[in-house]
Amino acid sequence: MVTTKRRRRVGVVISGSGSNMTELISAAGAADYPAQIVVVVSNRPDAPGLAKAAASGVPTAIVDHRAFADRQAFEIALHAELVRYDVETVCLAGFMRLLTPWFIAAWRDQLINIHPALLPLYPGLDTHARALADGVKLHGCTVHFVREETDTGPIIGQAAVPVLSSDTPQTLADRVLAAEHRLYPTALAMVAADRVQILQHDDGRETTRIDGEYGQPGMLFWPAG
Ligand code: GRF
């Protein structure tokens, strides 16, 4: 008898180009990927990611925040759209609205974000320019569970890239984005396969333990020598 493993139902929420979304859809195209992308929701009707999702055959929905009286009304509609597709886990991928505690609580431990910096360094905007201004030699991206405070929450995975002396915010952003495209599908796969355990510490900190980590723990040196 052929049994098909149940795949986690994932909704991706975007505001813009949707390149991370495209990578998630592409990864989920593999039969053995533990998640399926069941809907892409955008708060911007003109988000280029919407057409890309539709071209991949993924259902799309628009919940335009400007059509709602306040943030909570917008989020109730967003939530309803996700529930309509029986979404179990939500991936924010270039979603540019702040979420209220209500929405974050409604999706607690099933709401994931990608941030273009090695958190807890550089929460917020303009991460690449800030990294360049500080002269750090390594920069990168983080996939994490969402908590109330912006760009906090238990870290699921990170990827680091070198910072070159010749970098501009744009060249650094391009290098980090390429890392994001590898990291996000990997991190979602771990969550969807129930390999990520959230650890609550006595002092209130939250971290994660990844079951079955594998690979070669190496070192990334920059400059290389
Ligand atoms: C990414 O850098 C992501 O980390 C940030 O916004 C950007 C979205 O890019 N939150 P895309 O829409 O996935 O192309």
Side-chain angles (χ1 to χ4, degrees), residues 10-29 35 37-56 58 60-65 75 78 89-100 103-104 107 111-133 136 138-163 167-191:
V10 171
V12 182
V13 182
I14 65 166
S15 298
S17 75
S19 70
N20 278 292
M21 170 214 77
T22 301
E23 296 297 325
L24 293 174
I25 291 172
S26 160
I37 311 302
V38 295
V39 65
V40 168
V41 188
S42 174
N43 68 303
R44 296 189 61 99
D46 57 352
L50 283 169
K52 296 178 192 166
S56 306
V58 175
T60 61
I62 295 165
V63 183
D64 186 346
H65 62 276
E75 289 183 357
L78 174 61
T89 299
V90 178
C91 288
L92 305 178
F95 176 65
M96 298 308 286
R97 306 286 301 168
L98 292 177
L99 291 165
T100 69
F103 188 91
I104 293 169
W107 292 94
L111 181 59
I112 300 169
N113 182 46
I114 187 156
H115 180 73
L118 292 170
L119 292 172
L121 276 178
Y122 309 123
L125 298 173
D126 300 323
T127 57
H128 309 303
R130 287 156 63 203
L132 285 176
V136 296
L138 292 171
H139 185 43
C141 51
T142 303
V143 174
H144 63 99
F145 292 109
V146 174
R147 293 293 185 259
E148 277 190 28
E149 210 179 313
T150 309
D151 300 326
T152 67
I155 291 171
I156 300 164
Q158 296 186 300
V161 300
V163 180
D167 268 332
T168 63
Q170 189 56 55
T171 59
L172 186 53
D174 292 345
R175 194 173 309 118
V176 170
L177 191 62
E180 292 182 40
H181 293 165
R182 282 181 59 188
L183 179 67
Y184 213 168
T186 305
L188 174 61
M190 288 181 184
V191 172

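Nothing fancy with the numbering, it's 1 onward along the sequence. As the structure is a computational prediction, the values presented were derived from the model and not from experiment. As the structure lists them, so they are numbered: ligands from 1, and atoms in each ligand from 1.
Applying the side-chain hydrogen bond (donor to acceptor under 3.5 Å, both in side chains) criterion to Thr60, with sequence neighbours excluded, gives no partner residue. Listed by chain and number, the residues in a side-chain hydrogen bond (donor to acceptor under 3.5 Å, both in side chains) with Arg44 are Asp46 (sequence neighbours excluded).
With a 4.0 Å cut-off on non-hydrogen atoms, Glu180 touches ligand 1 through its side chain and not its backbone.
Of the protein's heavy atoms, Pro116 CD, 4.1 Å lies nearest to atom 5 (C) of ligand 1. Closest to atom 9 (O) of ligand 1 among all protein heavy atoms lies Asn20 ND2, 4.0 Å. Of all protein heavy atoms, the one lying nearest to atom 8 (C) of ligand 1 is Gly94 CA, 3.5 Å.
Taking every heavy atom of both residues into account, Ala187 and Val143 meet most closely at CB-CG1, 3.6 Å. The heavy-atom pair separating Val163 from Arg175 by the smallest distance is CA-NH1, 4.3 Å.
At least one heavy atom of Ile114 lies less than 4.0 angstrom from ligand 1.
Considering backbone and side-chain atoms together, Ser19 places an N or O closer than 3.5 Å to an N or O of ligand 1.
Thr168 places a side-chain N or O within 3.5 Å of a backbone atom of Thr171 that can act as its donor or acceptor partner.
A donor atom on one side chain and an acceptor atom on the other are found under 3.5 Å apart for His139 and His128.
Counting heavy atoms only, Gly18 comes closest to atom 12 (O) of ligand 1 of the residues Ala173, Ser15, Ala117, Gly18.
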